[in-house]
There are 2 protein chains.
Amino acid sequence: MGHMTSEHRPALPATPPLTERQEARRRRILHASAQLAGRGGFDAVQMREVAELSNVALGTLYRYFPSKIHLLVATMQDQLQHMHATLRKRPPTESDPGARVAQTLMRAFRAMQREPHLADAMVRALTFADRSVSPEVDTVSRLTTAIILDAMGLDSDATPEQLSAVRVIEHTWHSALITWLSGRASIAQVKIDIETVCRLIELTGPQPGLQRPE
Amino acid sequence: MGHMTSEHRPALPATPPLTERQEARRRRILHASAQLAGRGGFDAVQMREVAELSNVALGTLYRYFPSKIHLLVATMQDQLQHMHATLRKRPPTESDPGARVAQTLMRAFRAMQREPHLADAMVRALTFADRSVSPEVDTVSRLTTAIILDAMGLDSDATPEQLSAVRVIEHTWHSALITWLSGRASIAQVKIDIETVCRLIELTGPQPGLQRPE
DNA sequence: CGCTAATCTAGAACAAGTTACAGAACCGAT
DNA sequence: ATCGGTTCTGTAACTTGTTCTAGATTAGCG
């Protein structure tokens with residue numbers, strides 16, 4: 001990704017500060033979205049219902065979130081921030097970076113198992129998003145990356161190889177979630193896939209030669 | 001053309017054999033689907049247009065493919081079978097199994113670059129599919145697995161570890177495609193991700209002593 | 001051939017995402 | 001407090017996936 005991501009639309013970076021009521025509206029909308037998604041999943045999040053449940057006109061809903069996908073991706077941003085905060089409070093106990101990442105992702109996975117419908121709505125929206133949602137999806141991606149780097153124990157100084165491994169882990173994470181949510185993979189299989197991909201981290205160790213062979 | 005592998009009848013319970021005209025209709029539909037997808041991507045595949053372009057009534061289209069997602073996943077099955085046949089003709093030239101898989105996937109990726117809109121329609125449908133499409137998506141998954149195992153050089157005897165690695169490679173493949181199609185990752189990055197994940201294959205040692213040269 | 005059941009066609013109808021628009025409410029600056 | 005522009009509301013309309021129905025066509029069979 002280049003540095004020229006959004007250099008030509010000065011409207012977005014300058015997010016006009018929302019008033020109190022506007023911030024409240026936004027919260028109500030996100031809450032309604034998560035609530036509807038929580039039971040019923042993607043299909044249960046109907047824009048008219050979200051609008052009604054959050055006491056907002058349909059047009060207003062679309063002003064805040066220009067599409068259902070935008071809304072659900074924003075919902076995921078919201079949930080991910082919660083999760084990031086929660087995970088920070090209890091860092092993984094394992095010693096190997098790879099094991100720590102696997103442990104963290106399995107915790108996140110368990111959280112999703114508690115709300116499978118919500119997870120369904122968010123992940124489906126995320127992978128279905130087209131170019132018009134790229135900035136928002138990118139934010140989600142950065143959040144996920146941050147969570148994984150946190151688990152690894154290195155925040156900012158990662159080698160390009162490690163960043164590649166993290167990207168691959170993210171790919172696996174999303175795709176494995178999808179296969180689980182659509183009933184094509186068991187929980188056990190998701191666990192195995194996560195553990196398998198996390199072995200990549202041991203491969204890209206920053207200190208060459210310090211890993212004990214298997 | 002195509003006298004081999006007529007064994008693929010995914011609908012196990014009572015697939016009534018199609019008549020000549022029915023088979024022709026099915027082909028016309030799939031062709032129209034791929035054509036519309038080819039320019040315009042997912043959104044350009046509109047059921048009414050598919051029906052019209054393939055000279056079939058809308059109700060008939062829905063009898064053959066019970067949803068747009070089913071239709072596009074079936075289109076992907078079709079394209080994947082082509083690709084599998086094509087790839088078989090020119091097997092990868094690398095020696096390491098991991099490198100062979102990477103080479104094969106990059107070939108497939110290059111094919112997708114030639115028809116990005118078609119790729120977009122198929123992959124979006126694949127990851128958006130819900131439980132009702134599981135059998136069809138599973139068929140696509142098995143096809144992909146077969147392609148990868150082919151590239152590795154072992155067709156039927158793979159260790160569970162290797163199968164895990166293959167699943168993770170598939171996850172990465174799909175997800176990396178998505179990020180590329182939605183403009184969030186460059187071609188170079190997809191290449192790196194594929195090469196990174198293919199290192200997993202080297203990790204999962206083959207059966208001791210059974211190294212199989214070409 | 002003639003019959004019956006399944007299939008196909010044409011078109012209307014419905015559902016949910018999205019857009020459009022007129023008027024009410026709100027916000028900030030004078 | 002008032003004015004001007006923006007935002008919000010309520011509602012209708014439009015789009016496209018999906019379902020439904022009535023009649024025409026076809027396939028299989030005695």
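Labels below follow one simple rule: chain letters A, B, ... track the order of the sequence lines, proteins then strands, and each chain is numbered from 1.
Each side-chain hydrogen bond (donor to acceptor under 3.5 Å, both in side chains) pair with one or both residues in residues 27-44 of chain A, not counting sequence neighbours, appears once here: A/Ser33-A/Thr75. For the ring-ring contact (aromatic ring centres under 6.0 Å, His included) condition, the pairs that include at least one residue of residues 126-145 of chain B, sequence neighbours left out, are A/Phe42-B/Phe128, A/Phe128-B/Phe128. Sorted by first and then second residue, the side-chain hydrogen bond (donor to acceptor under 3.5 Å, both in side chains) pairs involving residues 97-116 of chain A (not counting sequence neighbours) are A/Thr93-A/Gln103.
Take A/Asp78 and apply the side-chain hydrogen bond (donor to acceptor under 3.5 Å, both in side chains) test, not counting sequence neighbours, and it matches no residue. Residues satisfying the side-chain hydrogen bond (donor to acceptor under 3.5 Å, both in side chains) test with A/Glu195, not counting sequence neighbours, are A/Lys191. For B/Trp180, the ring-ring contact (aromatic ring centres under 6.0 Å, His included) test picks out B/Phe109, with sequence neighbours left out. In this structure, A/Arg25 has no salt bridge (charged side-chain N to carboxylate O under 4.0 Å, His left out) partners at least two apart in sequence or on a different chain. For A/Asp193, the side-chain hydrogen bond (donor to acceptor under 3.5 Å, both in side chains) partners two or more places apart in sequence, or in a different chain, are B/Arg167, B/His171.
At a non-hydrogen distance threshold of 4.0 Å, A/Val45, A/Gln46, A/Met47 from residues 39-47 of chain A come into contact with DNA chain C.
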Could you go over nucleotides 10-13 of chain C and give all protein N or O partners under 3.5 Å, atom names and distances?
| residue | atom | partner | partner atom | Å |
| --- | --- | --- | --- | --- |
| C/dA13 | N6 | B/Arg48 | NH2 | 3.4 |

For nucleotides 1-6 of chain D, tabulate all protein N/O to nucleotide N/O atom pairs closer than 3.5 Å, reporting atom names and distance.
none

All N/O donor-acceptor pairs, side-chain side in residues 53-65 of chain A, below 3.5 Å, sequence neighbours left out:
| residue | atom | partner | partner atom | Å |
| --- | --- | --- | --- | --- |
| A/Ser54 | OG | A/Val50 | O | 2.5 |
| A/Ser54 | OG | A/Ala51 | O | 3.4 |

